[in-house]
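Shown next, in structure tokens, is the structure this report addresses.
Because only heavy atoms are used, hydrogens play no part in the values below, and waters and symmetry mates are left out as well, while side chains stay in. Just so you know, ligand 1 is whichever comes first in the structure, and atom 1 is the first atom listed for that ligand. FYI, the numbering just counts along the sequence from 1.
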Amino acid sequence: MKITLSVIKADIGSIGGHIRPSDRLIDSVDSSVRHAGGGFLLDHYVGTTGDDIAILMTHTYGVGAKAVHELAWNAFVEGTRVAQEQGLYGAGQDLLKTSFSGNVRGMGPAVAEIEFEERANEPFLLFAADKTDPGAYDLPLYLAFADPMNTPGLLLAPTMSAGFRFTIMDVNCTEGDRVIELDAPEELYDIAALLRDPERYVIESVRSRRTSEQAVAASTSRLHNIAGKYTGKDDPVMLVRVQKDFPATGEVLAPFSIGHFVAGAMRGSHQMPLMPVKLSSGISWFDGPPIVSCAAFCVHEGKLTEPVDVFDHPFWDAVRENVAAKAIDMRRQGFFGAAMLPMAELEYTGIVEKLAVLDRRFRLRRAAEAREPVLVHG
Ligand code: 13P
Ligand code: 13P
Ligand code: MG
Ligand code: MG
């Protein structure tokens, strides 16, 4: 059976700052999807990560289906009313347009979708990250799909030895989707050269080169490109099909033990290590650290199993401790140098006006003013 997995995610308000949506808000989104989707969704799941709500839907309408996108949009609009009633912070934050126009892409919510012929056993992972941006998945995907040091399946599984095709998007381009396709392993260095800059180059999808089957779909939206100013981080979602032709679940999860530095945390403006957390985790220290959750599912004829919370395991407690230590260490240098994002990323924040005012106060020192060296006698 051919099905589509669609995950659409938005921040429409949260308790106590950018922390976690209220139970009433989550219930509202869930019941909107349940009521409106009754006729045509095969199944759905609603989960939260930090202040974001993700709606996972299974259906047969393909990628970019208007009815599916509209259903999610309406659930978020309805939820925003609840958020306003409860006085939640940032009510409707990610709904950047006032009316729905056919597809949620470019309207604020993040979206990732894959259409495929179901395998007899169809395991997949739903990742959702908060207080970071889509580039956060670049390193884990590179390691999981292209590096035999991480993924022994590239050596051991004949189904994977032909490698994978990466579609990478230049997310700075606002005229349209500027994409490139690169093949691992032959073009590994080219892939690495682009992924060196995760604020600009984001992996949108990965396919098996043996079968052309799609393994990965990740969201690529940059909110500041839509709003023209900082309105919140582009907290990304991602779907990854696993096992057989694709890396095993453990090979996809392994890179998250690094706690690599990503853009995000406080005011979306810092470099902080990414912490793998349990489902429904909130946000705390320094509006961070950036977090990522992962729900594992199997799907059969569009029906989802219950999610398994893969970062809820004693192993990840040690990783979380290490990430917390890295985060605290980085914070010791405050705004200085590498702790904050480079200026190109801060361009959408208030620092631009501050620097413009200071710029007018700069002056070129005239030659006559230049000080002679003072000689001290005796
Ligand atoms: P497959 O059954 O998909 O080959 O998986 C084996 C495995 O996961 C070992 O880690
Ligand atoms: P969100 O993008 O998760 O709403 O976070 C915004 C922020 O700036 C937190 O400091
Ligand atoms: Mg928020
Ligand atoms: Mg968020």
Subject >> Apex the Mg ion (ligand 3) - arms ND1 from His18 and OD2 from Asp11 - angle rounded to 10° >> reply: 170°
**OP:** Check for a donor-acceptor pair, side chain of Thr151 on one end and backbone N or O of Pro148 on the other, with a separation under 3.5 Å.
**Re:** no
**OP:** Tell me whether Asp130 has at least one N, O or S atom under 2.8 Å from the Mg ion (ligand 4).
**Re:** yes
Original post:
Any idea how Tyr61 and Phe40 line up, ring-wise: parallel (<30°), tilted (30 to 60°), or perpendicular (>60°)?
Top reply: perpendicular
Original post:
Are there more than 12 heavy atoms of other residues, nucleotides or ligands under 6.0 Å from atom CZ of Phe286?
Top reply: yes
Original post:
What does the angle at the Mg ion (ligand 4) come to, between atom OD1 of Asp52 and atom OD1 of Asp51, rounded to 10°?
Top reply: 80°
**OP:** Report all protein residues having a heavy-atom distance below 4.0 Å to some atom of ligand 2; order the list by chain, then number.
**Re:** Asp11, His18, Asp51, Gln93, Asp130, Lys131, Tyr230, Gly232, Lys233, Asp235, Met266, Arg267, Gly268, Asp287
Original post:
Ignoring hydrogens and geometry, is there a side-chain-to-backbone donor-acceptor pair from Asp11 to Asp52 under 3.5 Å?
Top reply: no
Original post:
Above 12 or not: heavy atoms from other molecules or residues under 6.0 Å from CD of Glu321?
Top reply: no
**OP:** Tell me which N, O or S atom of Asp235 sits nearest to the Mg ion (ligand 4).
**Re:** OD2
Subject >> Summary of ring pair (Phe, Tyr, Trp, His ring centres under 6.0 Å) pairs that have at least one residue in residues 103-130, sequence neighbours excluded >> reply: Phe124-Phe297, Phe127-Phe256
Subject >> Asp147 CG to Ile191 CD1 distance, which is reported to the nearest 0.5 Å >> reply: 11.5 Å
Subject >> N, O or S atom of Asp94 closer to the Mg ion (ligand 3) than 2.8 Å >> reply: no
Original post:
Strictly by modelled atom types, are His44 and Thr58 linked by a side-chain donor-acceptor pair under 3.5 Å?
Top reply: no
